[in-house]
Amino acid sequence: MRLENKVAIITGAGGGLGSETIKLFAKEGAKVVATDLVTDHLEAVVKEINEAGGEAIAVKHNVASADDWKNVVDQAVAKFGTVDILVNNAGIADKSALSTAETVEEDEWERVMNVNLKSVYLGMKQVLPIMREHNTGSIVNISSIAAIIGTGGPFAYTSTKGGIRSMTKSVAAAYGQFGIRANSVHPGAINTKMTAASFENDEGFKDITQMIPLRRISEPAEIAQVVLFLASDDASYVSGSEYVVDGGATIV
């Protein structure tokens, strides 16, 4: 198993990508601390993992709260002894998919910044001392192709994903000397509830898929496999990298 005896914290674990990631990590031997602000679905998935012989706990978690982050890490260490892997997956988008620098309101900007960007900083701040003490660790931050190409919106979301890309490289450069790797994953459109609003009608869905060389959007499990690779020792010499998983969307 690729993550045997590794302890992983995964945020946004109740969503489409998060759920697939915690199930895959548990299947590969990880002890999983799965967090989300809404835990109903998450607790059901964690129960399923434990009944199948895996090890996982669900923790209610406001990722924009430093106190909540401390609680999550404290619970991980109390239950499993350490933290080997952090996957910063939690994220939200602007209320309008077409928001711009002119139209996005300040409170909306701050809401998206707190959940998408501040949370990544807070999470890394909490786990880095533990990883540094053990001279090992893997951080995987979920960004987006919006950090790489101009999408025309949503503005706050795109800004946060660019910030995640840069923060990841900064941590990789500063903490590589302690055996800590940091990488970012940049998915294109994923078939989740978060993106469902973008595909409300068949014609709109067709227009989007026609811009992707593989002519379809990804399933969460396809992205989770890339996250698994980066978290595992298979990627032992991969750090500061950005993995684009978009069906070729950024090349056209």
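Starting from 1, each residue takes its place in the sequence as its number.
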Please find the pair of heavy atoms, one from [X] and one from [Y], that lie closest to each other, and give the distance.
| X | Y | value |
| --- | --- | --- |
| Pro213 | Ala249 | CD-N, 3.7 Å |
| Ile57 | Lys79 | CG2-CE, 4.1 Å |
| Trp69 | Val63 | NE1-O, 2.9 Å |
| His41 | Ser19 | NE2-OG, 3.4 Å |
| Ile190 | Ile223 | CD1-CG1, 4.0 Å |
| Pro220 | Gly16 | CB-O, 3.6 Å |

Considering residues, nucleotides and ligands other than [X], do more than 12 of their heavy atoms fall under 6.0 Å from its [atom1]?
| X | atom1 | answer |
| --- | --- | --- |
| Gln177 | CD | yes |
| Lys27 | NZ | no |
| Glu105 | CD | no |
| Tyr121 | OH | no |

What about [X] and [Y], same hydrophobic cluster or not, with Ile/Leu/Val/Met/Phe/Trp/Tyr joined at side-chain heavy-atom distances under 4.5 Å?
| X | Y | value |
| --- | --- | --- |
| Leu37 | Val32 | no |
| Leu128 | Val77 | yes |
| Leu214 | Val244 | no |

Any donor-acceptor pair under 3.5 Å linking the side chain of [X] with the backbone of [Y]?
| X | Y | answer |
| --- | --- | --- |
| Asp94 | Ser96 | no |
| Glu222 | Glu219 | yes |
| Thr39 | Lys60 | no |
| Asp84 | Val7 | yes |
| Arg181 | Ser239 | no |
| Asn183 | Gly240 | yes |
| Asn89 | Gly12 | yes |
| Ser170 | Ser166 | no |
| Asn71 | Asp67 | no |
| Arg2 | Leu228 | no |

For this session: For residues Met113 and Ser159, determine if any side-chain heavy atom of one lies less than 4.5 Å from a side-chain heavy atom of the other.
Result: yes

Problem set entry | Verdict with reasoning, Glu28 to Lys6, per salt bridge (charged side-chain N to carboxylate O under 4.0 Å, His left out) | CA-CA 10 Å; Glu28 291 290 340; Lys6 301 285 188 181; over 6 Å; no

Exercise. Can you tell me how far OG1 of Thr136 sits from CD1 of Ile130, rounded to the nearest 0.5 angstrom?
Worked result: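 One finds 13.0 Å between CD1 of Ile130 and OG1 of Thr136.
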
Exercise. Between Ile148 and Arg165, does a side chain to side chain contact (heavy atoms under 4.5 Å, CB included) hold up when you go through it step by step?
Worked result: CA-CA 9 Å; Ile148 297 170; Arg165 181 190 190 194; 4.1 Å; yes

For this session: Quick one: do Tyr157 and Ser99 satisfy side chain to side chain contact (heavy atoms under 4.5 Å, CB included)? Show the steps, please.
Result: CA-CA 9 Å; Tyr157 171 86; Ser99 68; over 6 Å; no

Problem set entry | Identified side chain to side chain contact (heavy atoms under 4.5 Å, CB included) counterpart of Ile22 within the set Leu42, Asp36, Thr35 |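 Per the side chain to side chain contact (heavy atoms under 4.5 Å, CB included) rule, the option paired with Ile22 is Leu42, out of Leu42, Asp36, Thr35.
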
For this session: Might you work through the side chain to side chain contact (heavy atoms under 4.5 Å, CB included) test for Asn116 and Ile92, ending with a clear yes or no?
Result: CA-CA 7 Å; Asn116 290 11; Ile92 59 174; 3.6 Å; yes

For this session: Apply the test side chain to side chain contact (heavy atoms under 4.5 Å, CB included) to residues Leu230 and Val87: give CA-CA distance (whole Å), side-chain angles for both, the deciding distance (0.1 Å), then the verdict.
Result: CA-CA 10 Å; Leu230 292 171; Val87 179; over 6 Å; no

